Amino acid sequence: MNLFNIIEHLAEVDSDVLGRFDSRRAVFNSLGSVAKRAALATSPLFLGALFQKAYAGTTSTPIDVLNYALTLELLEADFYRQFIAARQIPSGADDTAIRLIKSHEDAHVTALTAAIRALSGTPVAGTATTGIRFNASLLPASYADQLKLAQLLEDTGVRAYKGRAAELLGAPNDLLTVALQIHSVEARHAAHIRSMRNQLPWPNAADDVATDTTYTGGVPNTSTTSTVVTLGGTTYGIPAYERTKPSMAESNINQGAIGTKAALPITTAFGDTPPKYSADDAAAAFDEALQPAEVLDASRAGRLLA
Amino acid sequence: MPDTLRPTDSESPRPAQSLHTPIKRRSFFMYAGATAGVTALALAGCSKESETTAPSINVSLGFGDASVLNYAYALEQLEAAFYAKAVAATTTVLSTAEKAVLTNVATHEAIHRDFLQAAINRDFPGQLLQTLTFKFDDATFTDRTRLLTAAKTFEDLGVAAYNGAGKLFKVPAYVSIAGQIVSVEARHAAYVRDLLTSGSFAAIDQVDATTGLDKQMAPADVIKIVNTYLDATVVQLDVSTIGQ
């Protein structure tokens with residue numbers, strides 16, 4: 001491994017990176033067990049993680065990110081448990097699909113719990129009666145409304161994973177890939193439930209729930225500013241809510257802003273007159289992320305927690 | 001290749017800033033060792049001390065984040081070219097409703113292609129992968145099952161490719177941008193799969209039943225498949241330096 005090459009890479013994208021090297025001890029501490037640290041210290045992955053951590057400027061650890069993901073998976077898994085137990089689902093294709101989706105959410109809970117333990121962290125937990133679970137009083141009575149809630153939960157899940165996956169760049173155990181592999185499954189679920197409801201597979205202005213907070217940006221100004229969440233038997237950190245940079249609504253058509261580089265307006269960026277792409281297509285071609293504080297806010301998934 | 005296999009003019013990407021990606025001497029020698037035939041071509045170019053027009057069919061995706069973005073750009077070019085043909089006016093194997101949705105899908109892929117092209121030109125001037133011309137079997141577009149099977153293949157391939165490529169980026173912001181695209185690909189994949197076989201949106205051939213994880217593929221394995229849709233005598237993509 002050529003250290004000079006790496007530093008050269010760092011300097012290419014961040015000229016201040018050398019000044020951030022004093023945070024290496026904190027990064028080191030976030031990387032898990034003693035044995036893993038020893039292994040990581042001798043691998044390029046370690047320096048990669050050091051860089052990503054320094055660059056991202058976040059104090060969240062991979063365990064924090066995984067616990068956040070596990071919170072949402074526990075909520076989804078328990079929602080589907082109650083959805084099935086309510087016995088409103090028509091037998092046949094609908095029943096098969098909902099049970100398949102629940103089996104994936106259960107598998108995600110198992111996978112994330114194991115991943116957190118592998119990093120010597122304490123996973124959040126939940127059962128039907130304790131810890132992180134779906135608020136039973138919010139389960140709608142009708143199948144149509146239950147299915148609608150399933151769509152809102154899946155589309156929220158997609159936005160939530162998207163909001164934090166980048167923090168796992170350079171994390172051990174290929175956790176970024178695992179998070180992406182869960183993220184795309186949530187998108188498949190969302191698309192199928194949308195089809196079951198005769199909606200297009202992606203968020204769009206013609207949705208019957210287009211104005212739901214699931215698809216809007218930001219959160220009310222009264223929302224929490226806490227960077228620590230205590231749920232399901234443990235405490236984990238989330239990044240402070242960036243009020244000046246609220247997440248985009250799903251109707252956003254400006255993509256690709258990085259640092260000081262402005263976003264590309266999809267309808268007009270490609271120099272075509274008249275514009276080659278409609279605003280509807282521009283919005284639908286990209287799903288939008290949500291910050292964790294937005295997801296856990298009472299206006300979104302936060303209200304569904306028991 | 002028959003003209004009918006080419007994307008129509010109105011749907012094809014605008015020519016890239018440079019149709020021939022400049023090949024630096026460093027990559028040049030890398031290719032020289034690849035095959036005997038290519039070596040001969042490469043040496044011919046070498047004797048002229050050419051820095052820009054090595055007559056090699058191997059086209060490198062480049063280095064660093066530019067290479068990962070070029071990888072995505074190649075995949076989006078493939079998908080956009082396929083769907084442009086699939087929803088062309090003469091196609092009658094889809095129902096009106098299906099065609100309407102797949103026309104949306106075709107537009108999403110064209111947007112992804114044009115967006116990535118613009119983003120690479122903005123962030124990595126001069127490193128954009130060339131515009132690619134793909135060949136598809138004509139029979140694919142006259143049979144519903146074959147058409148949807150091809151669509152499923154491309155969408156699932158795209159999802160697995162993005163899932164496997166995220167870790168290759170150096171700058172986290174690009175992971176976020178790729179994430180905004182891959183979930184739309186997964187939505188497409190689920191929709192097309194359901195059209196082909198109802199309820200197969202996340203079937204076990206794609207989503208592992210035990211782990212609940214979608215597929216992920218390494219760039220070399222993905223490009224091996226993409227290359228089969230390129231004219232092997234003209235262009236073959238080389239991912240050997242991706243992410244480096």
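Just so we're on the same page: letters track the sequence lines, and every chain starts at 1. Computed from heavy atoms alone, side chains included, the values below leave out hydrogens, waters and symmetry copies. Predicted, not measured: the structure shown is a model, and the values here were computed from it.
- Side-chain N or O atoms of B/R187 include none that pairs as donor or acceptor with a backbone N or O of A/L200 at under 3.5 Å.
- Within the 4.5 angstrom heavy-atom criterion, only backbone atoms of B/T210 (N, CA, C, O) approach chain A.
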Practice task
Tell me, with the steps shown, if A/Q255 and B/I111 meet side-chain contact (heavy atoms from CB on, under 4.5 Å).
Solution key: CA-CA 11 Å; A/Q255 297 295 343; B/I111 289 173; over 6 Å; no

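- Between B/A186 and A/A187, the shortest heavy-atom contact is CB-CB, 3.7 Å.
- Residues A/L264 and B/A119 come closest through the heavy atom pair CD1-N, 3.9 Å.
- In this structure, A/W202 and B/V101 have side chains that are in contact, with non-hydrogen atoms separated by less than 4.5 Å.
- The residue among B/F201, B/Y191, B/Y162 with the most heavy atom pairs within less than 4.5 Å of chain A is B/F201.
- Looking at B/I177, the atoms closer than 4.5 Å to chain A (heavy atoms on both sides) all sit in the side chain, from C-beta outward.
- Looking at A/Q181, its side chain never comes within 3.5 Å of a backbone N or O of B/K215 through a donor-acceptor pair.
- In this structure, no portion of A/A93 lies under 4.5 Å from any heavy atom of chain B.
- Of the atoms belonging to B/T211, it is backbone heavy atoms, and not side-chain ones, that fall under 4.5 Å from chain A.
- Contact count against chain B (heavy-atom pairs under 4.5 Å) is highest for A/H192 among A/H189, A/H192, A/K261.
- Chain B forms the most heavy-atom pairs under 4.5 Å with one residue out of A/A97, A/S184, A/P203, A/A179, and that residue is A/S184.
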Exercise for the section: Could you please spell out the steps behind the side-chain contact (heavy atoms from CB on, under 4.5 Å) verdict for B/D114 and A/K276? Expected result: CA-CA 11 Å; B/D114 289 356; A/K276 195 183 334 185; 3.0 Å; yes

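- No part of A/A283 comes within reach of chain B, as not one of its non-hydrogen atoms sits under 4.5 angstrom from that chain.
- Residue A/L168: no heavy atom, backbone or side chain, is found under 4.5 Å from chain B.
- Heavy-atom pairs under 4.5 Å with chain B peak, among A/S103, A/A165, A/A282, A/A284, at A/A284.
- A/I266 touches chain B through its side chain: at least one heavy atom from C-beta onward sits under 4.5 Å away, while N, CA, C and O do not.
- Of the atoms belonging to A/V158, it is side-chain heavy atoms, and not backbone ones, that fall under 4.5 Å from chain B.
- A 4.5 Å side-chain heavy-atom check between A/V185 and B/L213 finds every atom pair outside the cut-off.
- Side chain of A/H183 to main chain of B/S183: no donor-acceptor pair is present (N/O by atom type, distance under 3.5 Å, no hydrogens or angles).
- With a 4.5 Å cut-off on non-hydrogen atoms, B/Q206 touches chain A through its side chain but not through its backbone.
- Interface remark: of the candidates A/A111, A/A191, A/G256, A/A257, A/G256 forms the most heavy-atom pairs closer than 4.5 Å to chain B.
- For the pair B/Q216/A/L180, no side-chain contact is recorded, criterion being any heavy-atom separation below 4.5 Å from C-beta on.
- Within a 6.0 Å radius of CE in A/M248, no more than 12 heavy atoms belonging to other residues, nucleotides or ligands are found.
- Residue A/R194 touches chain B through its side chain alone, counting heavy-atom pairs closer than 4.5 Å.
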Exercise for the section: Check step by step if side-chain contact (heavy atoms from CB on, under 4.5 Å) holds for B/Y174 and A/L169. Expected result: CA-CA 10 Å; B/Y174 292 122; A/L169 187 57; over 6 Å; no

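- For a residue to count as touching a neighbouring chain, one of its non-hydrogen atoms must lie under 4.5 Å from one of that chain's; by this rule A/T177 touches chain B with backbone and side chain alike.
- Proximity to chain B (any heavy atom under 4.5 Å) is restricted, for A/S195, to the side chain, taken from C-beta onward.
- Checked against a 6.0 Å centroid threshold, the rings of A/F286 and B/H108 do not count as neighbours.
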